[in-house]
There are 2 protein chains.
Amino acid sequence: MARDAGRRPTIYDVAKEAGVATSTVSRALANPDRVNERTREHVLAVAERLGYRINPLARALPSGRTQTLALCVSDVTNPHFFGIIRGAEQQTRASGYTLILGDTEESPELESNHVERLGGSVDGFVIAASRMADAEIRELAGKHRLALISRQVDGVPSVMVDHEDGTRQILEHLASLGHTSVIYLAGPRRSWTAAKRWQVIRSTARQLGMTPTRLGPFPPAVRGGAAAADAAIGQGATAAIAHNDLLAIGMLRRLAGRGVRVPADISVVGYDDIFGADFCSPPLTTLAGPFEEAGRLAVDLLLGSRDGRTRARPASQVVLPSHLAIRESTGPAPRPR
Amino acid sequence: MARDAGRRPTIYDVAKEAGVATSTVSRALANPDRVNERTREHVLAVAERLGYRINPLARALPSGRTQTLALCVSDVTNPHFFGIIRGAEQQTRASGYTLILGDTEESPELESNHVERLGGSVDGFVIAASRMADAEIRELAGKHRLALISRQVDGVPSVMVDHEDGTRQILEHLASLGHTSVIYLAGPRRSWTAAKRWQVIRSTARQLGMTPTRLGPFPPAVRGGAAAADAAIGQGATAAIAHNDLLAIGMLRRLAGRGVRVPADISVVGYDDIFGADFCSPPLTTLAGPFEEAGRLAVDLLLGSRDGRTRARPASQVVLPSHLAIRESTGPAPRPR
DNA sequence: GTGAAAGCGCTAACAT
DNA sequence: ATGTTAGCGCTTTCAC
């Protein structure tokens, strides 16, 4: 009786057709060097002829390895993550893996949900801009292979764009323009980067003789810009650092609406150099970084340690250089009235 | 002997601990109503206590259903797809499924590669802006569950934003501003929408007494804008319709660089109303549509027909309404010199 | 180098 | 309503 036509051929079909055992087919497919060359070629030819495709599920069951990675971002619609997503996707594919994308919508609960839900069907996680607490991240890192982007936690591999040095660059730029005070429009309370940036702004501003003020938190989105701009104006700010470009662009818009000139009346700086930062008006001065590279590296970190269960070396924490893209939203401090 | 601590508990562990058969555990988990309420509660409690998590792989092997969908887009970094991605992701998750994202980089080969590679581990595909030929799409639709976005192929379910009617809106807008000719800066040769739009532009422009011209193709990205703008200027155009907003924004930039005023010297229109279209300078007149909704619907279409092998009704082809977002990049036709 | 056979964790007949 | 059991398609000892 012939194979029934509708079904996808399995290694049994190939084995029978080739006159060998299923184990030989399996080996020919997965460990080519552990089988006689002629046998292998024959098996492969038969497989080809039958239109055999490996069944990833069946392959994954015994081994527990799915060749799949998950990437969680806090907001898929934030252009900031585009580069990260693309980089991670490319590197994942280049390594023969598949990428699952998860949107965690700024929620630490959704984040751990994702991990919980996908834990069984994924070989590891890349989490970008995690909103989870350090302890929770460490706990997850104990159960799953994990790499972080834009977040550092002891003992967990991560890749960062150097926003600490970048923040210093921003402040020096502002100081060189004669600003004597600076306002930070903060990101979400849960945001690790927001806390970090404020720390650096506070200490560095003082070193440079500037007065730092923090306002917020504001939603890190364009819609958060109106409130942020109003708050900055209310403070009589001459220089404002927004938590990210989305917020900065929203501010620019509100400022324009209120007739406040940028940078004549107030300078505005953002973070990330997202799509649009170079063509908003005025074009935004912002901290740029190699985020696509970050995505790629995070995947490498994850896959690199795949050989052993236990990591001998301490988890790598990569820091990528950032640079300030100076455009037209920053200028000399206005003369005091 | 106690269960070994390191391993994830399986239904066997739960069954033994609860004093029932594995099939009962399985039923309690998957078909709650096919088991005695008390038994079910007991089983569930034990599972909970043991920290049991279902193994999606093992579940998928017998049934062949992975509760996973794949979304392929032609370019993950194109903001146009953000809405689609987000919508699809939400609806997928809401349906208890997981979403895999694939970037096909404008290549029909990569597209079918993806399908080929993921075919075994996914319950269906949503393909946005497919670059494949109709025949190939039909063939894939025969082997896999498939839904299209921004593409129509007979017999394949799809959801579109009405760019035909939208194109008519654009032309009427331009005609009402006194333009007597219009240039279409075409998208990729493989792009189905590009061909469709040109058809509509050509026929409608004539109805409205305008002279249509097509230039290109151009890469549908900001970097394509310089060549497109130069070409448009070369033609002495007073009105230009770019294949998408990315291209339009690139044109705006080049036009500004060359000292050509928009819209005084030339009007520019785009498609998609992407992030940034409202804050570039000048803000772009563009065809807007509910793309997030499109993403959601495509997933619904895919999952909706999941009950039967065969579709009794013809595949649904949903068309969503579009509307023209009129901003400052379009204005009255310049007086002939 | 190759074959036989026992799982991987779950589902789904089929019995009871 | 619940238990028994035979797979799902592949990998992987363990023999030969």
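What's counted below: heavy atoms across the whole structure, side chains too, no hydrogens, waters or symmetry copies.
Every residue two or more places apart in sequence or in another chain that forms a salt bridge (charged side-chain N to carboxylate O under 4.0 Å, His left out) with R49(A) is listed here: E17(A). Looking at residues two or more places apart in sequence or on another chain, you find no side chain to side chain contact (heavy atoms under 4.5 Å, CB included) involving E48(A). With sequence neighbours excluded, the residues that form a salt bridge (charged side-chain N to carboxylate O under 4.0 Å, His left out) with R296(B) are E292(B), E293(B).
Taking atom CG of L50(B) as the reference point, atom C1' of dG9(C) lies 15 Å away to the nearest angstrom. One can place CZ of R40(B) at 10 Å from P of dT2(D), the figure rounded to the nearest angstrom. Computed from coordinates, the D13(B) CG to dC10(C) C1' distance equals 13 Å when rounded to whole Å. Rounded to whole Å, atom C1' of dC10(C) lies 14 Å from atom CD of Q67(B).
Taking the C1' atoms of five terminal pairs at each end of the helix from dG1(C)-dC16(D) to dT16(C)-dA1(D), the two resulting helix axes are inclined by 30°, rounded to 10°.
Using a 4.0 Å cut-off between charged nitrogen and carboxylate oxygen, R27(A) and D33(A) do not count as a salt-bridge pair.
Side chains of Q67(B) and T98(B): no donor on one and acceptor on the other come within 3.5 Å.
Atom CG of L57(A) is separated from atom OG of S121(A) by 9.5 Å, given to the nearest 0.5 angstrom.
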Sequence-aligned protein contact record of nucleotides 8-16 of chain D, with B where the base is within under 4.0 Å of a protein heavy atom and S where only the sugar-phosphate is: BBBBBB---
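Partner of L148(B) under the side chain to side chain contact (heavy atoms under 4.5 Å, CB included) criterion, chosen from V159(B), L301(B), V126(B), V156(B): V156(B).
The salt bridge (Lys or Arg N to Asp or Glu O under 4.0 Å) pairs that include a residue from residues 77-87 of chain B are D75(A)-R86(B), D103(A)-R86(B), where partners are two or more places apart or lie in different chains.
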